[in-house]
Amino acid sequence: MLAVVYRGANDLRVETVPVPQIKPDELLVKVAACGVCPTDIKKIQYATVPPPRIFGHETAGVIAKVGARVKKFKVGDRVALHHHVPCLKCHACRHRTFAQCDQYKRTGITAGFEPAGGGYAEYVRVMPFVLPGVVKIPARNSFLEGAMLEPVNTVLKAVKRLSLLKGDTVLVAGQGPIGLMFTRLLALRGMKVVATDLLESRLQLAKDFGAAHVCKVQSPKSNLLRQKHSGGHEVQSPRRTSGESESSRFKVQGSRFKVWPASLIRSPLSRGPVVPWSGSFDAAIIAVPSDAVVREAQDLVRGGGQVLLFSHTRRGAETQIDLAKICMDEKDLIGSYSADFLLQEEVARLVFSRKLDVRRLITHQFLLAQTAAAVQLAAHPTSDSLKVVVTQKGEI
Ligand SMILES: [Zn+2]
Ligand SMILES: [Zn+2]
């Protein structure tokens, strides 16, 4: 079969490899679609794991073979896969920190070599310990929707780490596919979402996904505020519009943060009266790998609020933070990584009912042989690209 093999930093090669053999308690799945995930991109770009491997873990497809001892599935079932499943018994699992469970850390899906997901191949072998993570895709839903279960799960897990009350205001920094999922899931829970991004096209979608306010920012280095002054902060208009001078700024008093979101963006986002929203954030979600944004978010959340890191997955990066903000202001700095197995059903309901319509997030599909180009685009998004998916048959 065809597979895209990682052979070293930024080295993905289309190769012919054997179709995986399955054991009596395993499944063989013919891959239909596999999402390109930032965690894999990082491994490919920086060679953080030794080659060779076949990546791709946001996988959906059709069951091609069922081991003799597997009763729950049959050949022809359309399924979405999870490559990590916790044991639910160990110390970490009893604390519901599944990402720290030893079994969870093992990858249970492979197309050959050291198991790494295998979704960038024609077939994958699904090992017994991840069978509980296999979800059937309803007839009305597509493989693309199935392939989105895993990323949506990681986002819902993070949302559940926040202690929010209905009507709370949450900043979501970064409106890539993940940030947009945050925006939607928070809006569905009755939160007032303030969404920021560098790209206007993404902010438009953020509005459609339920953001109460959107705010375009200028550079990833200083994502929220342009300048800081003693006694307050200033927000500079990130984009000149017809009646606005470059230096037009909005004064913010003390720790209160005012956003005139629609005024920062040209129509159609600025339709209707612009009602300035003011107040501090109950929580901030950092869906961009910027340390400056974390520090700014720490200023912007209220005392007792939370800042959640979702995209800081590169080890070894140190940064300066004012620890008194955590200790005295009780602003929790928390992280969330990977999926929560127990949320699987809730995630499937959200996606398959289209309450969270992931179809709008998938902007590009590449054939398996073009996986390297898919990774390249996902690593360097354009104004019209969001989620990139590798498919077996072209557009599905
Ligand atoms: Zn992923
Ligand atoms: Zn465990």
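Both backbone and side-chain heavy atoms feed into the values below; hydrogens, waters and symmetry mates do not. Both counts, for ligands and for their atoms, begin at 1 and track the order of listing.
With Phe129 as the aromatic partner, Arg106 meets the cation-pi criteria of under 6.0 angstrom to the ring centre and within 45 degrees of the ring axis. For the pair Arg302 and Phe281, the cation-pi criterion (under 6.0 Å, within 45° of the ring axis) is not fulfilled.
In Glu150, the N, O or S atom that comes nearest to the Zn ion (ligand 1) is OE1.
Leu333 and Val288 fall within the same hydrophobic cluster, where Ile, Leu, Val, Met, Phe, Trp and Tyr residues are linked whenever their side-chain heavy atoms come under 4.5 Å apart, directly or through other members.
Between Gln103 and Cys90, the closest side-chain pair of non-hydrogen atoms is not below 4.5 Å.
Listed by first then second residue, pairs satisfying ring pair (Phe, Tyr, Trp, His ring centres under 6.0 Å) with a partner in residues 30-82 read Tyr6-Phe55, His57-His83, not counting sequence neighbours.
Here the Zn ion (ligand 1) is the vertex; the NE2 atom in His57 and the SG atom in Cys37 give an angle of 100° (to 10°).
Among protein atoms, those of element N, O or S found less than 2.8 Å away from the Zn ion (ligand 2) are Cys87 SG, Cys90 SG, Cys93 SG, Cys101 SG.
In terms of modelled atom types and a separation under 3.5 Å, the side chain of Arg78 and the main chain of Ile63 share no donor-acceptor contact.
Among all heavy-atom pairs drawn from Leu2 and Leu368, the shortest one is O-CD2, 3.7 Å.
Inclusion of Glu58 in the first shell of the Zn ion (ligand 1) is supported: an N, O or S atom falls under 2.8 Å.
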